[in-house]
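Have a look at the structure below, then the notes.
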Amino acid sequence: MIAIDQKGYYGEFGGAFIPEMLYPNIEELREQYLAIMADDSFEKEFRQLLKDYVGRPSPLYLAERLSEHYQAYIYLKREDLNHTGAHKINNTVGQILMAERLGKKRIIAETGAGQHGVATATVCALKGIECIVYMGEIDIQRQAPNVARMKMLGAEVRPATSGSKTLKDATNEAIRDWINNPEDTHYIIGSVVGPHPYPDMVARFQSVISEEMLWQLKEHTGKEDPDVIIACVGGGSNAAGAYYHYLNKDQVRLVAVEAAGHGIHSGESAATSVLGTKGIIHGSRTLLMQTPDGQIVEPYSISAGLDYPGIGPMHAHLIASGRAEAVSITDDEALASAYFVSKKEGIIPALETAHAFSALDKIEYDSSDVIVVNLSGRGDKDLATFIKHYDRFHK
Amino acid sequence: MIAIDQKGYYGEFGGAFIPEMLYPNIEELREQYLAIMADDSFEKEFRQLLKDYVGRPSPLYLAERLSEHYQAYIYLKREDLNHTGAHKINNTVGQILMAERLGKKRIIAETGAGQHGVATATVCALKGIECIVYMGEIDIQRQAPNVARMKMLGAEVRPATSGSKTLKDATNEAIRDWINNPEDTHYIIGSVVGPHPYPDMVARFQSVISEEMLWQLKEHTGKEDPDVIIACVGGGSNAAGAYYHYLNKDQVRLVAVEAAGHGIHSGESAATSVLGTKGIIHGSRTLLMQTPDGQIVEPYSISAGLDYPGIGPMHAHLIASGRAEAVSITDDEALASAYFVSKKEGIIPALETAHAFSALDKIEYDSSDVIVVNLSGRGDKDLATFIKHYDRFHK
Amino acid sequence: MSRIKKLFQEKKEDILNIYFTAGFPQLDSTEAVILSLEKAGADLIEVGMPYSDPLADGPTIQQSGQVALSNGMTLDILFSQIESTRQKTEIPLVLMGYFNQVMQYGEQQFFDRCREVGIDGLILPDLPIYEYETFYQDMIEQAGLDISFLITPQTSEERILKIDELTRGFLYMVSNSSITGAKKGISDKQVAYFNRINDMQLKNPRLIGFGISDNETFSTACQYANGAIIGSAYINTLKDSKDIRETTLEFVKMVRGESVKV
Amino acid sequence: MSRIKKLFQEKKEDILNIYFTAGFPQLDSTEAVILSLEKAGADLIEVGMPYSDPLADGPTIQQSGQVALSNGMTLDILFSQIESTRQKTEIPLVLMGYFNQVMQYGEQQFFDRCREVGIDGLILPDLPIYEYETFYQDMIEQAGLDISFLITPQTSEERILKIDELTRGFLYMVSNSSITGAKKGISDKQVAYFNRINDMQLKNPRLIGFGISDNETFSTACQYANGAIIGSAYINTLKDSKDIRETTLEFVKMVRGESVKV
Ligand SMILES: Cc1ncc(COP(=O)(O)O)c(C=O)c1O
Ligand SMILES: Cc1ncc(COP(=O)(O)O)c(C=O)c1O
């Protein structure tokens with residue numbers, strides 16, 4: 001049985017390793033999140049916004065040309081069609097409603113690829129709430145369109161200039177902001193990471209993905225279960241959402257795809273499942289990339305959303321327990337998949353999602369298998385990167 | 001009764017003023033399009049792709065903060081949530097299936113904002129068909145993200161370097177290409193313009209917009225009819241789609257919003273309803289901006305998708321007959337609306353669509369009125385323009 | 001009898017029809033071009049009304065039109081140029097342009113003025129025969145103007161017969177389905193098409209246009225029709241011309257094969 | 001009795017606890033800093049273990065940690081530096097760091113080694129009391145180490161009592177809910193909070209930390225608690241120091257109000 005316990009542990013992973021300054025915030029959330037989510041008015045508003053504002057259900061699309069190429073039934077769960085272009089908004093819609101009910105007046109968030117920052121800025125605009133987004137300086141450069149979008153939406157983007165100047169550091173800065181503003185501020189974490197109850201709360205908001213997959217697969221194939229679900233894992237929120245209702249169905253294989261950067265052992269990688277060891281990052285006991293002395297290692301991936309040295313505790317548990325298979329994909333493999341999928345299906349995936357597609361080249365499957373790839377986001381934000389590397393892949 | 005006649009006329013507008021070289025293509029299409037569209041297998045494939053690939057139905061969203069601001073019930077028809085980010089794909093999905101059934105092996109298209117080019121490149125990738133998109137040199141510059149997307153999708157973008165180097169000239173080039181390649185090529189026109197049967201065919205493919213509005217409004221408000229429908233008009237395809245099922249319901253006001261550029265009478269404008277006179281453009285008798293000598297005037301708008309000297313013959317008829325009200329919106333009014341809507345609703349509209357929003361400041365309505373704004377596309381492609389002018393609007 | 005009909009009655013082969021854009025290279029070169037063409041031995045002249053958006057023309061003709069328009073050419077200027085030139089020549093003149101120009105001038109007015117200034121026929125490539133028959137045939141006939149329609153390799157036999165019936169003066173036989181100035185030479189496929197049309201025994205004489213640029217293509221075309229039409233190749237020559245008269249003389253000689261240009 | 005307990009038994013007020021980052025400004029400045037602080041009159045020293053991702057610290061301490069890490073500081077080096085410094089001083093030493101560092105060293109090993117080298121107490125800001133009680137309390141007690149937990153203006157009364165119960169040595173009273181080095185001065189609101197805690201009659205002595213930087217803030221803090229903790233202000237001084245001993249002497253004098261730095 002894969003489940004989270006009372007204290008926020010999936011097996012030995014999870015918990016809430018937070019400074020006392022954050023205790024009231026986290027405790028308030030921990031005590032209330034399940035009750036608030038179970039409340040009828042919350043549920044109603046959440047579902048209505050998912051439908052009318054986000055555009056859910058996101059389609060489940062049988063990709064015929066990919067299916068032919070890979071000789072299997074490849075379905076794409078189209079989170080790229082959500083408002084703002086990725087799965088991230090499922091969670092931010094939920095959390096802004098949560099923040100409203102907790103009486104918060106100010107929202108902070110961290111972002112890597114900028115999708116979570118945009119999704120947060122979006123729901124803050126929707127509700128007229130102040131929004132500050134922390135983003136690594138390097139990510140600000142490589143995901144410029146999303147920075148522009150946040151500005152349009154009225155959010156303030158604050159650069160994180162320490163460490164690797166990427167997602168990890170943006171998260172540090174967001175936590176520091178929260179410590180400094182413990183009373184009126186809600187921190188909308190963008191993935192299934194952070195102290196309990198965040199991993200569980202975010203997974204629940206994202207679980208709408210697999211909730212829809214159940215009936216959509218039934219409609220398409222006659223049965224609820226696919227043979228394989230593939231999702232990329234930065235922190236792991238899109239994967240958590242895609243796996244959620246299948247976690248305890250052992251017949252469904254779960255494939256978690258992480259970024260191997262220039263190669264797993266190149267020293268420039270974010271392949272946490274291989275390189276990670278148990279430790280604490282951002283308030284959670286999980287797998288992370290660190291030195292023997294416990295210093296967190298700066299990760300690398302071409303994909304800002306996967307460029308993170310840890311994974312959510314649920315995924316640490318799924319991988320450690322053997323429930324999920326981890327696959328590591330290099331920058332170039334992901335780029336090749338992005339070009340390939342764009343031309344085969346007319347869908348330009350996000351760089352993060354391109355890693356998930358690459359797993360189709362790595363895993364074993366039968367020609368009768370139904371494989372769902374969670375298409376976590378669209379690639380508009382990555383066009384500059386795609387164009388930069390285009391010629392190298394098109395001789 | 002608003003309807004097209006046998007020869008492709010809406011009242012005195014329409015027809016097919018084409019050189020003989022195009023006659024076989026246009027005639028083949030004219031003879032077959034209705035039968036093909038009525039065919040079960042076509043209908044089934046079209047509907048399936050709209051659902052699973054495009055992500056239809058697009059939501060009808062009650063914009064609460066806009067409603068409060070404008071003191072009316074403002075609903076947004078969310079064509080921005082379609083795959084590729086605008087209404088254009090409804091038409092290209094239909095036309096690629098049409099081209100397939102006509103046995104065509106090569107697709108050409110013109111594009112202004114690049115949305116139609118992207119939508120065409122997308123369906124060509126989906127079907128594995130060669131795709132060439134003509135685009136004005138100026139539009140290639142101001143809509144760079146869409147140029148990159150077309151490249152990713154495997155299409156060739158050919159610059160139109162004559163005239164104003166915008167949509168009109170791209171259309172000329174596409175027609176020339178078609179004249180040169182009359183046998184294997186289908187020309188996917190991107191709006192309700194061009195010779196009969198294009199205006200009617202494109203309107204029919206886009207009519208899914210108002211088809212959904214009927215039941216969505218019923219669900220939201222208890223009745224099928226809104227009081228007002230607002231849509232921007234470049235060639236007029238999103239407007240045609242949003243009006244279609246309401247054309248003969250005179251109780252529903254139709255508002256057509258065109259681009260006034262630097263001001264209707266500034267000499268830099270695309271306000272065809274005011275400045276246009278009857279004439280022929282791109283094979284259709286309609287309203288267009290021209291000199292007394294019949295030379296077509298180069299239009300101007302900040303919005304590439306509205307920067308066109310004509311309007312589709314349906315709209316010429318709707319306006320000339322008084323069925324639709326025309327509203328002209330300047331660049332700066334549209335920009336102000338883009339900033340306003342982004343911050344009020346968390347939705348960044350396309351520059352084209354921003355013109356439609358501006359009409360809310362211009363028309364009369366009651367506080368009990370249900371107003372649908374057709375949110376024809378998202379603004380990702382326009383971020384550079386928005387950021388360039390941002391400071392001027394945020395003192 | 002119209003000048004065009006007369007021409008085709010008197011001459012059955014090797015008819016050379018040359019197109020030029022009015023107002024190009026200079027606003028007032030119209031007369032010089034027409035008189036030089038006549039002098040050089042053209043049989044028929046197609047006067048292009050420059051247009052902002054000439055859909056059915058290639059880049060050469062487009063650009064010449066742009067130049068003409070920026071030189072200030074208008075229909076009124078053109079008509080008076082023709083009117084005065086007509087005093088000096090009896091060569092058949094065909095006006096070629098886009099139908100929007102006709103509409104804006106006022107259809108009836110346009111046709112009347114054509115007649116008045118001495119235009120003999122019209123080529124309006126984007127006026128389809130359906131519109132022609134329904135709205136304009138009577139007006140044009142009453143104005144006493146001839147009109148040429150196009151046929152292409154894709155035109156069906158049935159439709160060719162219809163077009164032949166409506167045409168007065170000569171048929172414009174598009175050599176291959178492509179816009180002016182686009183391709184070079186004449187292929188076997190085209191020859192088959194020419195023969196097919198030949199065998200149809202149409203009532204109108206036929207001129208082959210598109211892709212005719214020199215003596216070789218002109219001579220080949222003349223084997224299969226009453227003559228041919230040259231456009232872009234002549235415009236290109238005019239573009240670099242120092243002396244319209246001389247350039248035109250050399251060009252027509254070259255096309256006729258009477259001398260080779262050095 | 002531990003050195004910390006002894007200190008608080010002997011001295012009830014004006015206790016000065018100074019934090020520094022081990023390995024900053026130089027890898028081997030640890031001993032000089034400790035001995036200088038003692039000499040200058042600090043009562044207690046908090047030795048910071050530099051960390052890559054110090055969530056609860058402000059930019060000054062973060063940056064000093066980065067410098068220390070690039071100087072090559074590791075836990076093993078730090079422990080041996082302490083071990084040899086401990087031969088020369090009896091001042092109470094509290095180790096401050098993040099729990100991941102403890103985990104990677106091995107919890108039991110870490111606590112044992114602390115004891116061995118002469119560390120007296122621990123501050124582990126991201127080790128919550130639930131985890132402490134459940135997993136580590138016994139180990140730490142058996143190693144004979146004191147441990148300080150934090151309380152903040154937001155901490156509930158019930159929880160303060162619980163924290164007071166678990167704390168051994170002294171309570172770390174966060175002056176306002178913000179990270180180190182973030183704010184300046186002490187407000188009325190804070191005074192109310194200090195008074196509220198004072199009235200609770202807790203078993204542990206209390207030191208006020210965060211925002212203490214000079215004589216004014218130190219004196220105010222000392223009115224409401226047994227003393228105060230200074231971190232960022234001292235690090236900032238060290239950063240520009242030519243002579244650790246002299247800088248430290250002047251800094252402590254300044255804080256104690258014994259002389260004003262020029
Ligand atoms: C499109 C997309 N997919 C995946 C991710 C990775 O995040 P997660 O692992 O939480 O789904 C991101 C992060 O920004 C993203 O933008
Ligand atoms: C988002 C959007 N709206 C509107 C238009 C204008 O086209 P139409 O008038 O055909 O809807 C365009 C054209 O590119 C567009 O991209």
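Here is how names work: the chains are called A, B, and so on, in the same order as the sequence lines, proteins then strands, and each is numbered from 1.
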inquiry  = For A:F46 and A:F205, I'd like to know if the aromatic rings sit close, meaning centre-to-centre distance below 6.0 Å.
reply    = yes
task = Could you pull out all residues at least two apart from A:A144 that satisfy side-chain contact (heavy atoms from CB on, under 4.5 Å)?
result = none
Here's a test: name every donor-acceptor pair under 3.5 Å between chain B and chain A, with the distance for each.
residue, atom, partner, partner atom, Å
B:K51, NZ, A:E219, OE1, 3.2
B:Y53, O, A:R78, NH1, 3.0
B:Y53, OH, A:E345, O, 2.6
B:Y53, OH, A:G346, O, 3.1
B:R65, NE, A:A125, O, 3.1
B:R65, NE, A:L126, O, 3.3
B:R65, NH2, A:A125, O, 3.1
B:R78, NH1, A:Y53, O, 3.0
B:R78, NH2, A:H83, ND1, 3.1
B:H83, ND1, A:R78, NH2, 3.1
B:H83, NE2, A:G346, O, 2.8
B:A125, O, A:R65, NE, 3.2
B:A125, O, A:R65, NH2, 3.1
B:L126, O, A:R65, NE, 3.3
B:K151, O, A:Y390, OH, 3.2
B:M152, O, A:K343, NZ, 3.2
B:E219, OE1, A:K51, NZ, 3.2
B:K343, NZ, A:M152, O, 3.2
B:E345, O, A:Y53, OH, 2.6
B:G346, O, A:Y53, OH, 3.1
B:G346, O, A:H83, NE2, 2.8
B:R378, NH2, A:D380, OD2, 3.1
B:D380, OD2, A:R378, NH2, 3.1
B:Y390, OH, A:K151, O, 3.3

request  = Measure A:V123 against the heavy atoms of chain B and call it side chain, backbone, both or neither at under 4.5 Å.
outcome  = neither
inquiry  = My understanding is that only residues two or more places apart in sequence, or in another chain, count here; which of them pass side-chain contact (heavy atoms from CB on, under 4.5 Å) with A:A148?
reply    = B:L383, B:I387
note = Given B:G128, B:A121, B:P145, the one with more heavy-atom pairs under 4.5 angstrom with chain A than any other is B:G128
ask   = When A:F357 is tested against each of A:I230, A:I347, A:V373 for side chain to side chain contact (heavy atoms under 4.5 Å, CB included), which residue passes?
value = A:V373
inquiry  = So which atom in A:C124 and which in A:I96 form the shortest heavy-atom distance, rounded to 0.1 Å?
reply    = SG-CD1, 3.9 Å
remark   = Minimal heavy-atom distance between B:M152 and A:A338, with the atoms involved, is CE-O, 4.0 Å
request  = Please list, chain by chain and in numerical order, all residues satisfying side-chain contact (heavy atoms from CB on, under 4.5 Å) with A:A336, sequence neighbours excluded.
outcome  = A:F393
key: B:V341 versus chain A, the contacting section by heavy-atom distance below 4.5 Å   = neither
